[in-house]
Amino acid sequence: MKQKIHNILTKISFEIYPEFSEEFKISKPNNPSHGDWTSNLALILAKKLKKSPIVIAEEIINRFDSYENISNIEVAGAGFINFFLKDEIFLELTKRFSLGNFENLVINENPKKILLEYVSSNPTGPIHVGHGRSAAYGSAIANLYKLAGNKVIQEYYINDRGLQAKSLGLSVFLRMQKIYGKEIQLPEGCYEGDYINNLAELAVKEFEEKFKLNDFNIASNYSTVKEWLGFIEKNYRDFSNLTKLSIDIQINQIKESLVEFRVEFDEWFKESTLFKKELVNDALKSLKKNDISKKEGASWFRSTNYGDEKDRVLIRDDNEPTYFASDIAYHKNKYERGFNKIVNVWGADHHGYIPRVKASIESLGLDSSLFSVLLIQFVSLKENGKKVQMSTRSGEFIELSELIEKVGIDSTRYYFLARKPEQSVEFDIDLAKKTDKDNHVYYIQYAHARICSLKKELSKRDIEIDFDASTNKLTLLKKDNEKDIISFINSYPEVLNHCYRNNEVHPLCFYLRDLSSKFHSFYNSEKIISEDEDLRDARIVLSTAIQKIIKNGLDILKIDCPESM
RNA sequence: CUCCCGGUAGCUCAGCUGGAUAGAGCAUCUGCCUUCUAAGCAGAGGGUCGCAGGUUCGAAUCCUGCCCGGGAGGCCA
C-alpha cells in the first residue's frame, strides 16, 4: 500500500516537475488524525518550484485519480499530504494473525548464511550478568535473522589456551594444595572464588596426589604467575591436563548456565584447534607481505596501513603468538566456512579492537564488508535503591545464575532486551522481581493469559466459534478503541522489519508492551463476550490476533508465554 | 591526549535514516471490582530534549565546539 502511494506520487511529481529527482518520504504519522500515511512530497518540491507547499500539495491531490483503497486525501499543516485508507484494508493482517499465520513478515531479498558469534566469555570463570546481556541479545537477534529466512549458525569461541588458561590451571593447582594441607597465597592474576575451590576438589578427585607439592615451603620462592608457571611446567609434566580439565569443567558450567537462560549454540569453537591444525601460521602467512614487520624481536602487523591507530604485535618476542594472531586465523576460518555475513557481538570495551580485526581481514584479501560487530554496553545492578558493587578484579561480579535465581529467567531476559544495545543497562532487581504492572513482562504475559482465559470462559459457557467464518465479522468493530487496535496490529510487521534492519529487539519489547496496554484497556471498557453474538465473535477474533502476536513476539525474545497466571 | 557510548518529566527509559501539540512506565494526586483474571482500567499534574552556535521551510533528531557521566587505548584476553 505504501509502495503504491509512493509510485503514484512519484509519477505525479514528474508531471508537474519533470526534473524531479528528490527523495521524499511516506510515513506513518504519530497522530492518527493525520491519516494512515502521510507524505512530505509537497514540502520537498516547494524548494525547487519556489512555490507554497500548500498550493503544490493541492495541485498533487487534484491529479490523484481516486484510488480504491483510499477513503480520503487531505492537505494539512505546512503542506503535508495525508492519506486516509478504507477500514477494510486493515482487516487482512488481523485475520491472518488471528489464524496464526506469521509467515514472511520480514522482508529479506537476499537470504544469507550468517555466522553469529556471541558471549565467548573466557572459560576462566562463570558467566556473569554482563555476559548474560550479550547472551539474551545474541539469541534474540539469531531468531530475528532466522525469521528473515537466513541460515544462522550461533557460535561460542573458547579461549582455551594462552596465559589466561594457564592462570586458571595455576589457580586450581594452588587451591589443590589447600586440600593437600596448606593454603598458599594466590599471586596477582590468578582467579579466586568458590568456583576455583570446587574445581580444585574435582581435580583432586581426578588426579589424587599427582599435583601435591613435595615441600610446601617452596611456595615462598614464587610470587608471580610467571614464576609459578615456570616451576610447575618444569616439574609437573601433566599440568596441561590439569588446565584442560579445569577449562572443560568450566565450559560445561557455562553451557549449563546458558541453556538454563535459553541460549543454545550450534558450535563451540576452541581456540586451541586453530593451533593443532596450524591454522594460525597459515593465516599469518596469508597476510600481505608488506603488512608484516619485525621489530624488537617481535612480529608486527601494520594495521596502520588500514587506518588503525597503531601497529599490533602478532608474535611476541618470546615467540608466543598473541590473542590477535589466533583471532586472525579464526576470522579467516569463518570466511572459509562459507559464511557471507559474519557478525560478532562484543562488549563495548572491545570497540578499540574492531579496526585491527577489519584490517587483518582486508590484508587477507577478504571482503571486510561482510564482517560487522555489534557492541553491547555494560550492565549494572541496583538493589534496595543502591548500586550493587561489582568488580572483576576482586571477583565480586554477580553471576548470571544468581540473578536468574532472584528474579527469574523471563524478567532477566526482558530487562536485558528492552534496552537498546548502546545504552548501558541499570538492572533494577526489585523492579524485576515484582509481579504487577510495574514489571512489563508480567504485564505482557498477563494480557496473553487473560485472552486465553476468555477462551476458556467460552468453552465453559459451551460457546463454539467458527474462526474462519468469524474473521469476516471484523468489519463490525467500529469503535475507536477497536479500530485503534486493528491499526496497531497492522504495524507489527514494520516493527519486526525495523528490528531486523537495525539489529535491535527493544522496539519489539516496547511494541508488545503497548499492544498489551491497548488490550487491557479494551478489556476494561468492552464486554468481549458480548450478548451480541456476531460482535462477540469479532471481538474474540481481534483478541486472538493480539494473543498470537504476543506469543509470536515473546517467542522471538525467548520469553515464556503462560496461558494462565 | 585520542577513540566509543550515554546526557530527554522527580526516577528508569523510548523517540534520533530531519516533519505537525516531544512519548511511555514508575513515583505523586483522584476515581473504578456482587459483571469475561484488579497481576487490570480511567483521569490529573509534571519538560530551557546537557550548553552554545550552524545547516533548513522545519532540528530532540544532521554538523561544529564545549560541559558532565561511563568505557577503551598492553608484546593481557
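Letters go in sequence order (proteins before strands), and every chain restarts at 1. Here the structure is a predicted model, which is why all the values come from computation and not from measurement.
- Rounded to an integer number of Å, the gap from CD1 of A/Ile528 to C1' of B/U35 is 13 Å.
- Within the nucleic acid shown, A/Asn122 comes within 4.0 Å of sugar-phosphate atoms alone, with no base atom in reach, counting heavy atoms only.
- Here the separation of B/A24 from B/C41, taken at their P atoms, is 14 Å to the nearest Å.
- The A/Lys527 side chain lies nearest to B/C36 when the options are B/A14, B/C4, B/C36.
- Taking atom CZ on A/Arg419 and atom P on B/C5, their separation rounds to 18 Å, with Å as the unit.
- Checking B/U2 for Watson-Crick or G-U wobble geometry (two distances, each under 3.5 Å) identifies B/A72 as its partner.
- With C1' as the reference atom, B/U8 and B/G46 are 14 Å apart, rounded to whole Å.
- Contacts of A/Asn82 with the nucleic acid, taken as non-hydrogen atoms under 4.0 Å apart, include base atoms.
- A sub-4.0 Å separation between OP1 or OP2 of B/A20 and a side-chain N or O of A/Asn30 is present.
- One can place CG of A/Leu314 at 11 Å from C1' of B/C75, the figure rounded to the nearest angstrom.
- Screening A/Phe269, A/Phe371, A/Phe275 for a ring-ring contact (aromatic ring centres under 6.0 Å, His included) with A/Tyr330, the sole residue that qualifies is A/Phe269.
- What separates CG of A/Asn439 from P of B/C26 is a distance of 12 Å, to the nearest Å.
- Protein atom CZ of A/Phe427 is 12 Å distant from nucleotide atom P of B/C13, rounded to whole Å.
- For B/A20, the base has a donor-acceptor partner in the side chain of A/Thr38 [N/O atoms by modelled type, under 3.5 angstrom].
- Not a single donor-acceptor contact under 3.5 angstrom links the side-chain atoms of A/Asp349 to the base of B/A77.
- With hydrogens and angles left out, the side-chain atoms of A/Asn524 and A/His520 include no donor and acceptor closer than 3.5 Å.
- With rounding to whole Å, A/Trp346 atom CH2 is found 15 Å from B/C3 atom C1'.
- A straight line from CD of A/Glu422 to P of B/A72 spans 18 Å, rounded to a whole angstrom.
- Stacking between A/His351 and the base of B/A72 is absent under the criterion of ring centres within 5.5 Å and planes under 30 degrees.
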- Does the pair A/Ser368 and A/Tyr306 meet the rule for a side-chain hydrogen bond (donor to acceptor under 3.5 Å, both in side chains), with working shown? CA-CA 12 Å; A/Ser368 70; A/Tyr306 302 89; over 6 Å; no
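- Counting non-hydrogen atoms under 4.0 angstrom, A/Ser424 reaches the backbone sugars and phosphates but no base.
- Here B/C76 presents its P atom at 8 Å from CG of A/Asp318, a figure rounded to the nearest Å.
- Comparing A/Lys310 and A/Phe378 by the nucleotide of RNA chain B that holds the closest heavy atom to each, the one mapping nearer the 5' end is A/Phe378.
- In this structure, A/His520 reaches the sugar-phosphate backbone alone: every heavy-atom distance under 4.0 Å involves primed, P, OP1 or OP2 atoms, never a base.
- Here A/Lys434 does not reach the OP1 or OP2 of B/C26: none of its side-chain N or O atoms lies under 4.0 Å away.
- Heavy-atom neighbours of A/Asn31 CG from other residues, nucleotides or ligands within 6.0 Å: above the threshold of 12.
- For A/His506 and B/G15, the shortest distance from a side-chain N or O to OP1 or OP2 is below 4.0 Å.
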